[in-house]
S.K.: 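Just dropping this structure here.
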Amino acid sequence: MIASIYKPVLSLRISVTDRCQLRCRYCMPAAGVPFCGHDEIISFEEIKDFVAQLQVAYDVRKVRLTGGDPLARKGIVELVAMLSELGIPDLALTTNAQRLASMAAPLKAAGLDRVNISLDALEPGTFERITRSDSVDATVAGIDAALEADLRPVKLNMVVMQGINEHEVRDVLTFALKRGCELRFLELMPIGYGAELFEEHFVPTKTVHRMLTPAFELTSYPRTAGSSAQRYAVRATDGVEGVAGFISPCSDQFCSDCSRLRLTASGRLMGCLAREEGHDIRPMLQGESSDSLLTTVRQALGCKRSGVHFKQSVSMAAIGG
Ligand code: SAM
Ligand code: SF4
């Protein structure tokens with residue numbers, strides 16, 4: 001009898017570009033950031049090789065493509081098809097959905113399982129204040145295309161900010177429930193450009209809870225190991241039901257069983273969003289370094305934060321949210 005080999009679970013977040021169509025205030029300055037040059041961006045072959053090498057030693061349950069905006073990377077459908085060949089159980093993508101209306105069906109056909117979509121506001125004025133773009137209609141069209149293409153469950157992400165979009169939490173939740181999407185309320189993080197807004201605009205999860213009641217009844221689900229979200233069954237007073245989640249990196253601790261590992265668009269491996277330590281793995285993938293990729297991965301996984309504090313000056317667009 002052949003003994004089955006135990007493999008630790010791993011969840012990968014791979015940033016495929018630091019470019020984006022939007023300029024969300026907590027993520028990028030109005031003028032954008034100095035983007036990586038063509039030669040600095042990790043290639044599709046390197047990404048596939050990286051995932052395949054990790055599959056040898058780890059149970060890679062999830063790969064999430066992110067950025068910047070992953071739909072801003074030329075050939076993203078081709079990359080999804082390449083990764084799909086590796087048989088990853090959960091192949092997902094996080095996007096602002098600005099380009100999703102025309103890309104949802106091809107992405108699904110290439111093997112993408114599901115999408116998370118940022119939706120911080122529905123009112124055009126609030127959306128523009130956050131993203132510096134008057135294109136909320138494009139995001140809503142992208143959400144509808146994702147549902148139509150069956151990229152489900154479609155999850156929506158809303159970063160709640162005091163004095164900016166907090167007045168929309170009930171409307172965005174109603175929008176999500178009516179479409180059968182799972183809305184996740186995110187706490188603003190003091191990462192990169194988010195640090196400048198943090199003191200004035202941070203809203204803790206417990207405040208969002210208070211804003212939702214009594215219009216919505218929330219019943220918590222048991223926490224899923226390794227998950228960053230606390231999920232709730234939601235029932236609105238008009239009877240509409242669904243699921244919502246709260247991601248509370250500042251007011252709660254969910255790090256003890258975190259199995260996430262991040263690869264930036266320039267090929268840096270990062271074990272924790274809250275820590276600046278990273279390791280350039282491209283020389284290993286290109287055969288120019290004899291350092292072991294798996295040893296570097298173990299080191300990265302060993303550097304998770306131990307408190308609720310952040311020390312991260314790099315923007316989310318560069319790391320990959
Ligand atoms: N462009 C895609 C998007 O916006 O969904 C993917 C990349 S974005 C960096 C991933 C997620 O990070 C988004 O949901 C965004 O709202 C979130 N994010 C970026 N900066 C943040 C910050 N300082 N605090 C909390 N969430 C942040
Ligand atoms: Fe772009 Fe996403 Fe950053 Fe907004 S949060 S600027 S959509 S990368």
Side-chain angles (χ1 to χ4, degrees), residues 13-33 35-36 64-73 76 92-100 103 107 114-121 126-133 135-136 138-139 142-143 146 151 154-162 164-166 172 176 181-205 208 228-229 245-252 260 262-265 270 273-274 308 310-321:
R13 295 207 174 182
I14 301 176
S15 173
V16 297
T17 180
D18 53 0
R19 291 168 196 262
C20 187
Q21 313 85 355
L22 301 182
R23 294 286 179 269
C24 303
R25 285 173 191 278
Y26 49 67
C27 183
M28 281 205 207
V33 285
F35 296 115
C36 286
R64 172 175 298 285
L65 301 176
T66 180
D69 202 80
L71 303 190
R73 174 91 186 240
I76 185 69
L93 180 144
T94 302
T95 176
N96 57 34
Q98 290 284 299
R99 295 188 181 164
L100 194 55
M103 295 177 78
L107 285 165
R114 61 193 183 90
V115 286
N116 285 14
I117 297 173
S118 288
L119 181 70
D120 291 337
T126 316
F127 187 90
E128 185 164 1
R129 190 173 169 209
I130 297 168
T131 64
R132 301 180 171 106
S133 166
S135 53
V136 66
T139 291
I143 293 168
L151 286 168
V154 174
K155 295 185 182 175
L156 307 181
N157 290 343
M158 177 180 191
V159 179
V160 183
M161 290 169 284
Q162 187 177 337
I164 299 182
N165 64 347
E166 59 183 339
V172 178
C181 299
E182 178 172 333
L183 177 63
R184 289 119 53 88
F185 295 103
L186 270 68
E187 284 182 346
L188 178 67
M189 289 181 277
I191 289 181
Y193 295 90
E196 294 169 16
L197 304 179
F198 191 75
E199 201 165 313
E200 195 177 339
H201 299 292
F202 172 71
V203 181
T205 283
V208 180
S228 55
F246 293 82
I247 301 182
S248 321
C250 297
S251 66
D252 197 5
R260 275 179 285 282
R262 290 165 201 272
L263 184 62
T264 72
M270 299 182 74
L273 199 51
V308 288
F310 282 84
K311 185 179 181 298
Q312 187 56 268
S313 56
V314 184
S315 97
M316 277 287 262
I319 304 170

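Only this structure's heavy atoms are used, side chains among them; waters, hydrogens and symmetry mates stay out. Counting starts at 1 for both ligands and their atoms, in listed order. If you're wondering where the values come from, they're calculated on a predicted model, not measured in any experiment.
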S.K.: So, do L22 and D69 sit near enough that their side-chain heavy atoms are less than 4.5 Å apart?
M.R.: no
S.K.: Within a strict 4.5 Å, meaning less than it, do heavy atoms of the L71 and L107 side chains meet?
M.R.: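 Sidechains of L107 and L71: in contact.
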S.K.: Tell me: protein heavy atom nearest atom 6 (S) of ligand 2, and distance?
M.R.: C24 N, 3.2 Å
S.K.: Do any heavy atoms of G192 fall under 4.0 Å from ligand 1?
M.R.: no
S.K.: Hey, does Y26 have a side-chain heavy atom less than 4.5 Å from the side chain of I130?
M.R.: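 SC-SC contact between I130 and Y26 confirmed.
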S.K.: As an exercise, identify every atom of ligand 1 less than 4.0 angstrom from a heavy atom of T66.
M.R.: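 Selected atoms, number and element: 6 (C), 7 (C).
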S.K.: Going by distance only, is there an N or O of L186 that falls short of 3.5 Å from an N or O of ligand 1?
M.R.: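 No.
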S.K.: Just jot down the ligand 1 atoms closer than 4.0 angstrom to any heavy atom of N96, in number order.
M.R.: 2 (C), 3 (C), 5 (O)
S.K.: At a non-hydrogen distance cut-off of under 4.0 Å, which region of T95 contacts ligand 1 (side chain, backbone, both, or neither)?
M.R.: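 Near ligand 1, T95 shows its backbone, while the atoms from C-beta on stay back.
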S.K.: Side chain, backbone, both or neither: which part of V159 comes within less than 4.0 Å of ligand 1 when only heavy atoms are counted?
M.R.: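 Just the side chain.
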S.K.: Hey, are the side chains of Q98 and S135 touching, using non-hydrogen atoms and a 4.5 Å cut-off?
M.R.: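 Side-chain contact under 4.5 Å: yes.
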S.K.: Need the ligand 1 atom indices (1-based, order shown) with element for anything under 4.0 Å from a heavy-atom of E187.
M.R.: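 Listed by number with element: 25 (C).
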S.K.: Give the atoms of ligand 1, by number and element, whose distance to some non-hydrogen atom of G194 is under 4.0 Å.
M.R.: 23 (N)
S.K.: Below 4.0 Å, non-hydrogen atoms only: which portion of C20 touches ligand 2? Side chain, backbone, both or neither.
M.R.: side chain
S.K.: Under a 4.5 Å cut-off applied to non-hydrogen side-chain atoms, are P29 and R23 in contact?
M.R.: no
S.K.: Check whether any N or O atom of D69, backbone or side chain, sits under 3.5 Å from an N or O atom of ligand 1, and answer yes or no.
M.R.: yes
S.K.: Please step through side-chain hydrogen bond (donor to acceptor under 3.5 Å, both in side chains) for the pair S118 and N157, ending with a clear verdict.
M.R.: CA-CA 5 Å; S118 288; N157 290 343; 4.7 Å; no
S.K.: Please examine the side chains of R64 and R114, heavy atoms only from C-beta on, and report whether any two atoms are closer than 4.5 Å.
M.R.: yes
S.K.: Would you please determine whether G67 falls within less than 4.0 Å of ligand 2 on a heavy-atom basis?
M.R.: no
S.K.: I want to check something: taking the side chain as every heavy atom from C-beta on, are L273 and M189 in contact at a cut-off of under 4.5 Å?
M.R.: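 Contact flag for L273/M189 side chains = yes.
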S.K.: Let me check your reading of the structure: within less than 2.8 Å of atom 4 (Fe) of ligand 2, is there an N/O/S atom from C27?
M.R.: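 Looking at C27, which is the residue asked about, there is no N, O or S atom under 2.8 Å from atom 4 (Fe) of ligand 2.
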S.K.: Among side-chain atoms of Q21 and S133, is any donor-acceptor pair under 3.5 angstrom?
M.R.: no
S.K.: Could you say whether the N/O atoms of S118 and ligand 1 ever approach to under 3.5 Å?
M.R.: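 Checking ligand 1 against S118, an N or O pair does fall under 3.5 Å apart.
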S.K.: So for ligand 1, is N116 a polar contact partner (N or O within less than 3.5 Å, distance only)?
M.R.: no
S.K.: Pick out which of F202, F246, F185 makes a side chain to side chain contact (heavy atoms under 4.5 Å, CB included) with V160.
M.R.: F185
S.K.: Do any nitrogen or oxygen atoms of G68 come within less than 3.5 Å of a nitrogen or oxygen of ligand 1?
M.R.: yes
